[in-house]
Number of protein chains: 2
Amino acid sequence: MGDILRPIGIIARALDSISNIEFKEVDLTRGQYLYLVRICENPGIILEQLASLIKVDKTTAARAVQKLEKNGMIERRSDVTNKKIRLIFPTDKGREVYPFIIRENEYSNLVALKGLSEEEQKQLGDLLLKVELNISDDWEYVKAGHKRNY
Amino acid sequence: MGDILRPIGIIARALDSISNIEFKEVDLTRGQYLYLVRICENPGIILEQLASLIKVDKTTAARAVQKLEKNGMIERRSDVTNKKIRLIFPTDKGREVYPFIIRENEYSNLVALKGLSEEEQKQLGDLLLKVELNISDDWEYVKAGHKRNY
DNA sequence: ATTATTATGTTGTATTTGCAACTAAAATAT
DNA sequence: ATATTTTAGTTGCAAATACAACATAATAAT
């Protein structure tokens, strides 16, 4: 069976590295674009959902969101029915940055898929979604402190 | 055109997160397994090659290698013909850890590919290699300080 | 109704990551 | 032969990341 972990890691690091360099132009520091796009697309999302969506530790997400708030990109509102949760929304400033992120991501996607047929692109996307589903469970399991046996 | 950046990022973070937790058992701190496997498979590799292979900043690789050296996992030897480079080799201790890393990675790979047919697995692997090639050039380009226009 | 458990979020601390700037050897150009 | 550029590696700093431990609200169990 072929290994997919390594190419996936390589591609992910390369893309993330490129994005982080390019998003300095819109005053986003390392990693922040990840959170901001999700918040723009899911206004009212809560922290734990956000962390789970991105697959990042919740304390990392917490500090990223704190920083986005401090920089005026997002704002948090308390819920009326649930005093514990804090709903996260993009501000106007955050919404202005959003198209820039999308444009960059679309371009990187274009570069990544260069030379693949329409059919191949679709296959790749479909297969990656399956892999994402497969691995998500193990991530939650291991993060929750459980031990996989193999 | 479907987006592949997001699933790839999600999968990569999830897998890396799992690995980092599981490799504490063999006294590897975050990220170190990445370097150690490559060094074991390419004994005598130099730092810049290693960084480029993994797609990580060379200063990050430098510090990871320093730490692996301090912990007795790898050793560095100077080259006779080239005074500038330092060849990196695994130690016996490093070589002992290697099979553990491989076993964990193979298991994660298995989980990731669950439910995919042999044919699909092969396709996915082939397509990812193409994507890796596509994006590698842009990574080198942007890391070298150049600006992409899109 | 009270207790136990889970869900959501935060802070302390240690470590990793990477950009900037630098040194020096090697390779290339003049 | 000398000067220039590229290659390889390092250190200073600032920031991100995540584990541990915690607080408290919400939910479930008794």
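Just so it is clear: chains get the letters A, B, ... in the order the sequence lines come, proteins before strands, and each one is counted from 1. Values below: every heavy atom of this structure, side chains too, minus hydrogens, waters and symmetry copies.
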Run the salt-bridge test on [X] and [Y] with the 4.0 Å N-O cut-off and return the result as yes or no.
X	Y	result
E120(B)	K130(A)	yes
R86(A)	D79(A)	no
D92(B)	R95(B)	yes
R6(B)	E41(A)	yes

If I compare all heavy atoms of Q32(B) with all of D27(B), which pair ends up nearest, and what's the gap?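 The pair with the smallest heavy-atom distance is OE1-O, 4.3 Å.
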
For DNA chain C, what residues of residues 49-60 of chain A have any heavy atom nearer than 4.0 Å? K58(A), T59(A)

Just the rounded figure in Å: distance from [atom2] of [N] to [atom1] of [X].
X	N	atom1	atom2	answer
K24(A)	dT17(C)	NZ	C1'	12 Å
K143(B)	dT7(D)	NZ	C1'	16 Å
R86(A)	dT24(D)	CZ	P	15 Å
I18(A)	dT17(C)	CD1	P	18 Å
L87(B)	dA8(D)	CG	P	12 Å
I21(B)	dA20(D)	CD1	P	9 Å
F23(A)	dA16(D)	CZ	P	16 Å
I46(A)	dA7(C)	CD1	P	11 Å

Between the side chain of [X] and the main-chain N/O of [Y], is any donor-acceptor distance below 3.5 Å?
X	Y	value
E69(A)	E75(A)	no
D57(A)	T59(A)	yes
N109(B)	N105(B)	no

What contact category does N82(B) fall into here, base, sugar-phosphate, or nothing, at under 4.0 angstrom with non-hydrogen atoms? sugar-phosphate

For DNA chain D, find the residues of residues 25-43 of chain A with a heavy-atom distance under 4.0 Å and give them by number; none if there aren't any.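 Result for residues 25-43 of chain A: T29(A), R30(A), sorted by number.
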
Using heavy atoms and a sub-4.0 Å distance, could you list which residues of residues 62-76 of chain A are near DNA chain D? By number, please. R63(A), K67(A)

From the list dT8(C), dA26(C), dG9(D), which nucleotide is the closest neighbour of the side chain of I85(A)?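 When the side chain of I85(A) is considered, dT8(C) is the closest of dT8(C), dA26(C), dG9(D).
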
Quick note, E48(A) side chain, CB onward, closest among dT8(C), dA25(D), dT7(D) is dT8(C)

When you check the side-chain N and O atoms of K83(A) and S78(A), is any donor under 3.5 Å from an acceptor?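 Distance-only check fails for K83(A) and S78(A).
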
Is it the case that dA8(D) (base atoms only) and K84(B) (side chain only) share a donor and an acceptor within less than 3.5 Å, ignoring hydrogens and angles? no

Give a yes/no verdict on a cation-pi contact between R77(B) and F89(B), requiring under 6.0 Å between NZ or CZ and the six-membered ring centre and an angle within 45° of the axis.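 Yes, cation above the ring, under 6.0 Å and within 45°.
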
Does F100(A) have R103(A) sitting over its ring (NZ/CZ under 6.0 Å from centre, angle to axis within 45°)? yes

Are L127(B) and L129(B) co-members of a hydrophobic cluster defined by side-chain heavy atoms under 4.5 Å apart? no

